[in-house]
K.L.:
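Here you go, one structure.
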Amino acid sequence: MTDLAKKRIVLGVSGGIAAYKAAELARLMMKRGIEVQVVMTESATRFVSPLTFQALTGRPVFSDLWDNRLDNGMAHIDFTRDASAVVVAPASADFLAKLAHGNADDLLSTLCLARACPLMVAPAMNRQMWEHPATRRNVSQLKRDGVGIFGPGSGEQACGEEGMGRMLEPEELLFDIEGFFQPKRLSGRKVLVTAGPTFEVIDAVRGITNLSSGKMGYAVARAALEAGAEVTLISGPSCLKPPASAKLIKVTSAQEMLGAVQEAVSEMDIFIGVAAVADYYVLNPSEHKIKKDAHILTLELAPNPDILANVVNLPKPPFCVGFAAESESLFEFAEMKRHRKNLPLLAGNLVQDAINNDISELTLFDDEGAHPLPRGPKIQLARQLIAHMAKLYDLSTNPKNP
Ligand code: C5P
């Protein structure tokens with residue numbers, strides 16, 4: 001896993017009202033131990049004073065190509081040679097156009113062209129500007145050039161209009177920046193992830209479900225994307241925002257989840273079953289709301305299909321990873337489950353610790369034994385799971401190359 005601490009990032013700020021959010025991003029970066037050098041365009045300085053960034057980062061801010069504060073007069077070279085990345089947030093429509101065309105008429109655009117490190121941008125602009133064919137062309141070109149594009153998000157804009165174009169919030173951006181640095185261990189691989197609970201209908205307004213939030217499954221999908229995989233996420237009901245570049249398929253019941261998995265699985269390299277699939281469904285759900293009366297109501301439940309077992313038993317199964325949520329004897333039950341389900345890797349946790357929490361513990365079980373991961377945020381656990389899985393996957397596809 002790649003840590004952000006000790007990285008050196010050039011934070012470029014171009015002219016837009018979202019420049020004020022860049023101040024918070026600079027603060028968060030500093031808090032994570034990143035060394036931040038801010039470079040602003042001239043128009044950015046009209047929105048936020050360079051002094052704000054200087055105070056937050058403890059470093060002088062540069063915006064002039066002809067600044068003589070550096071002895072050699074070459075800020076555009078100096079700032080990028082030992083930088084881990086350049087992050088431009090906000091990136092205005094004009095700045096994206098400059099980048100896409102390789103213009104270099106101020107310090108920020110010149111150092112972007114002169115850099116020898118990755119470039120990431122967080123676009124922010126009015127929705128019409130974002131949707132304009134010129135911006136669409138520029139963004140496509142930047143993607144082809146390997147530039148990381150984070151956002152924009154949609155919502156209310158400073159101009160009073162609603163739509164796509166809001167810069168992502170600083171916390172989200174930091175999350176994306178961290179993701180960008182993760183090793184691309186699954187590059188070119190297709191990964192299918194199931195997540196969340198399922199909902200089994202009782203009647204028109206009721207159903208059987210469980211407390212799974214989908215947080216772990218969504219984190220696993222995100223970590224697989226960060227590792228360079230093409231990800232399909234099949235999710236039961238969840239309020240979470242899915243990772244933007246995953247293909248999301250929403251389902252309700254276990255049967256629907258099975259159908260969606262069966263449709264997608266043939267082209268997958270890896271299947272990770274994180275979903276908390278309901279063990280039973282209601283045999284004869286009522287179309288109408290069941291009326292209450294004084295009698296005991298009996299529901300007839302039938303077992304749901306085991307989706308993971310279905311995939312494992314395919315003639316040509318993908319590499320399969322299971323999850324086990326136990327309320328006791330985690331090591332014993334998880335290892336038993338891994339053998340019973342014939343899985344090369346299973347991740348296990350205690351339900352009381354994992355359900356709906358952002359921070360949790362996870363232990364990985366494989367042929368070598370149990371590997372407890374340090375307690376941490378689910379995205380960090382998911383990144384470690386993906387790293388471990390990628391090693392086992394490589395071994396399974398190429399046993400001579402450990
Ligand atoms: O047997 P148990 O439900 O504990 O197994 C958990 C693992 O099996 C998880 O990976 C879960 O996603 C998967 N599973 C499934 N279909 C079911 C039940 C569990 O895919 N019906």
Side-chain angles (χ1 to χ4, degrees), residues 191-201 207-221 223-224 231-238 240 249-266 268 270-283 301-314 317-356 360 362-366 370 378 381-382 385-386 388-389 392-393:
V191 176
L192 181 60
V193 180
T194 63
T198 63
F199 181 92
E200 312 298 329
V201 170
I208 298 173
T209 186
N210 58 62
L211 291 175
S212 165
S213 61
K215 283 180 182 170
M216 194 68 219
Y218 280 49
V220 167
V231 175
T232 303
L233 173 62
I234 299 180
S235 174
S238 169
L240 298 177
I249 301 171
K250 285 185 172 183
V251 296
T252 304
S253 66
Q255 277 293 347
E256 274 180 45
M257 189 173 273
L258 175 66
V261 166
Q262 282 173 331
E263 205 162 300
V265 75
S266 62
M268 295 295 157
I270 294 163
F271 174 74
I272 311 177
V274 195
V277 185
D279 289 328
Y280 295 93
Y281 70 99
V282 181
L283 257 184
L301 303 179
N304 264 326
D306 190 315
I307 300 168
L308 182 55
N310 232 278
V311 176
V312 172
N313 292 318
L314 287 170
F319 185 89
C320 287
V321 181
F323 262 74
E326 306 292 344
S327 60
E328 56 179 327
S329 309
L330 173 64
F331 280 48
E332 189 189 331
F333 289 157
E335 193 49 35
M336 266 164 52
K337 196 164 285 179
R338 189 176 80 83
H339 277 101
R340 182 163 39 84
K341 297 209 175 202
N342 195 18
L343 298 167
L345 179 62
L346 180 135
N349 52 20
L350 286 169
V351 264
Q352 53 274 38
D353 182 52
I355 290 277
N356 223 346
S360 179
L362 203 62
T363 301
L364 307 182
F365 299 86
D366 62 16
K378 283 185 173 169
L381 297 172
L385 163 69
I386 291 292
H388 192 94
M389 184 203 73
L392 296 183
Y393 173 76

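Heavy atoms only: backbone and side chains are in, while hydrogens, waters and symmetry mates are out. Order of appearance sets the numbers: ligands from 1, and atoms from 1 within every ligand.
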K.L.:
Can you pull out the closest protein heavy atom to atom 4 (O) of ligand 1? Residue, atom name and distance to 0.1 Å, please.
P.N.:
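Minimum-distance protein heavy atom for atom 4 (O) of ligand 1 reads Lys337 NZ, 2.3 Å.
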
K.L.:
Is the closest heavy-atom distance from Asn304 to ligand 1 below 4.0 Å?
P.N.:
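Contact check Asn304 vs ligand 1: negative.
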
K.L.:
At the 4.0 Å heavy-atom cut-off, does Ala324 count as touching ligand 1?
P.N.:
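So Ala324 does not count as touching ligand 1.
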
K.L.:
Record the part of Ala254 in heavy-atom contact with ligand 1 below 4.0 Å; permitted values are side chain, backbone, both and neither.
P.N.:
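For Ala254, no heavy atom sits under 4.0 Å from ligand 1.
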
K.L.:
Less than 4.0 Å is my threshold; does some heavy atom of Ala309 fall inside it relative to ligand 1?
P.N.:
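No, that is not the case, since the closest heavy atom of the residue is not under 4.0 Å from the ligand.
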
K.L.:
Which atom pair, heavy atoms only, marks the closest approach of Leu350 to Glu328?
P.N.:
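Minimum heavy-atom contact is CD2-N, 4.1 Å.
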
K.L.:
Excluding sequence neighbours, so at least two apart, what forms salt bridge (Lys or Arg N to Asp or Glu O under 4.0 Å) with Lys378?
P.N.:
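Scan of Lys378 (salt bridge (Lys or Arg N to Asp or Glu O under 4.0 Å), adjacent residues dropped) gives none.
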
K.L.:
In the protein, which heavy atom is nearest to atom 14 (N) of ligand 1, and how far is it?
P.N.:
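Here the closest protein heavy atom is Asp306 OD1, 3.8 Å.
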
K.L.:
Closest by any non-hydrogen atom to atom 3 (O) of ligand 1: pick that one out of Asn310, Val274, Asp279.
P.N.:
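Checking each option, the heavy atom nearest atom 3 (O) of ligand 1 is found in Asp279.
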
K.L.:
Nearest to atom 7 (C) of ligand 1, what protein heavy atom do you find, and at what distance?
P.N.:
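Of the protein heavy atoms, Phe323 O, 3.0 Å lies nearest.
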
K.L.:
Report yes if Lys341 has an N/O atom closer than 3.5 Å to an N/O atom of ligand 1; otherwise report no.
P.N.:
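Yes, there is a polar N/O contact under 3.5 Å.
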
K.L.:
What's the separation between atom CD1 in Ile234 and atom CD in Glu263, rounded to the nearest 0.5 Å?
P.N.:
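Atom-to-atom, Ile234:CD1 and Glu263:CD are 9.0 Å apart.
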
K.L.:
So which heavy atom in the protein is nearest atom 16 (N) of ligand 1, and how far is it from that ligand atom?
P.N.:
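Nearest neighbour among protein heavy atoms for atom 16 (N) of ligand 1, to 0.1 Å: Ile307 N, 2.9 Å.
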
K.L.:
Evaluate Ala278 for polar contact with ligand 1, using N/O atom pairs at a separation under 3.5 Å.
P.N.:
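Ala278 vs ligand 1: no N/O contact under 3.5 Å.
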
K.L.:
What verdict does the side-chain contact (heavy atoms from CB on, under 4.5 Å) test give for Leu301 and Ile208, after you've listed the backbone C-alpha separation in whole Å, the side-chain angles of each residue and the deciding distance to 0.1 Å?
P.N.:
CA-CA 10 Å; Leu301 303 179; Ile208 298 173; 3.8 Å; yes

K.L.:
Is there a side-chain contact (heavy atoms from CB on, under 4.5 Å) between His388 and Leu345 once you walk through the steps?
P.N.:
CA-CA 9 Å; His388 192 94; Leu345 179 62; 3.9 Å; yes

K.L.:
Considering both backbone and side-chain atoms of Leu308, is one of its nitrogen or oxygen atoms within less than 3.5 Å of a nitrogen or oxygen in ligand 1?
P.N.:
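In this structure, Leu308 places an N or O atom under 3.5 Å from an N or O of ligand 1.
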
K.L.:
Set out, in order, the CA-CA distance, both residues' side-chain angles and the distance that settles side-chain contact (heavy atoms from CB on, under 4.5 Å) for Val311 and Val261, then state yes or no.
P.N.:
CA-CA 8 Å; Val311 176; Val261 166; 3.6 Å; yes

K.L.:
When you measure from the side chain of Thr198 to the backbone of Ala278, do you find a donor-acceptor pair of N or O atoms at a distance under 3.5 Å?
P.N.:
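Such a contact is found between Thr198 side chain and Ala278 backbone.
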
K.L.:
I'd like to check which ligand 1 atoms, numbered from 1 as shown, lie under 4.0 Å from a non-hydrogen atom of Gly322.
P.N.:
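Counting from 1, the qualifying ligand atoms are 10 (O).
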
K.L.:
Would you say Met257 touches ligand 1, if touching means a heavy atom closer than 4.0 Å?
P.N.:
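Met257: no contact with ligand 1 (<4.0 Å).
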
K.L.:
So, Ser235 side chain and Gly196 main chain: donor-acceptor pair closer than 3.5 Å or not?
P.N.:
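Checked: no pair found.
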
K.L.:
Quick one: nearest non-hydrogen protein atom to atom 17 (C) of ligand 1, plus distance?
P.N.:
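For atom 17 (C) of ligand 1, the nearest protein heavy atom is Val277 CB, 3.5 Å.
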
K.L.:
For the 3.5 Å polar cut-off, considering only N or O atoms, please tell me whether Pro305 and ligand 1 meet it.
P.N.:
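Yes, there is a polar N/O contact under 3.5 Å.
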
K.L.:
Restricting to side chain to side chain contact (heavy atoms under 4.5 Å, CB included), what partner residues turn up for Glu335, sequence neighbours left out?
P.N.:
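Applying side chain to side chain contact (heavy atoms under 4.5 Å, CB included) to Glu335 gives Arg338, His339, Phe365.
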
K.L.:
Tell me the protein heavy atom at minimum distance from atom 12 (O) of ligand 1, and give that distance in Å.
P.N.:
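Checked against all protein heavy atoms, atom 12 (O) of ligand 1 sits closest to Ala275 O, 2.7 Å.
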
K.L.:
Output yes when a side-chain donor or acceptor of Asn210 lies under 3.5 Å from a complementary backbone atom of Pro197, and no otherwise.
P.N.:
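Absent.
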
K.L.:
Of all the non-hydrogen atoms in the protein, which one sits nearest to atom 10 (O) of ligand 1, and at what distance?
P.N.:
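Among all protein heavy atoms, the one nearest atom 10 (O) of ligand 1 is Gly273 O, 2.5 Å.
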
K.L.:
Checking Ser238 side chain against Ser213 main chain: does a donor-acceptor pair fall under 3.5 Å?
P.N.:
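A pair under 3.5 Å: yes.
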
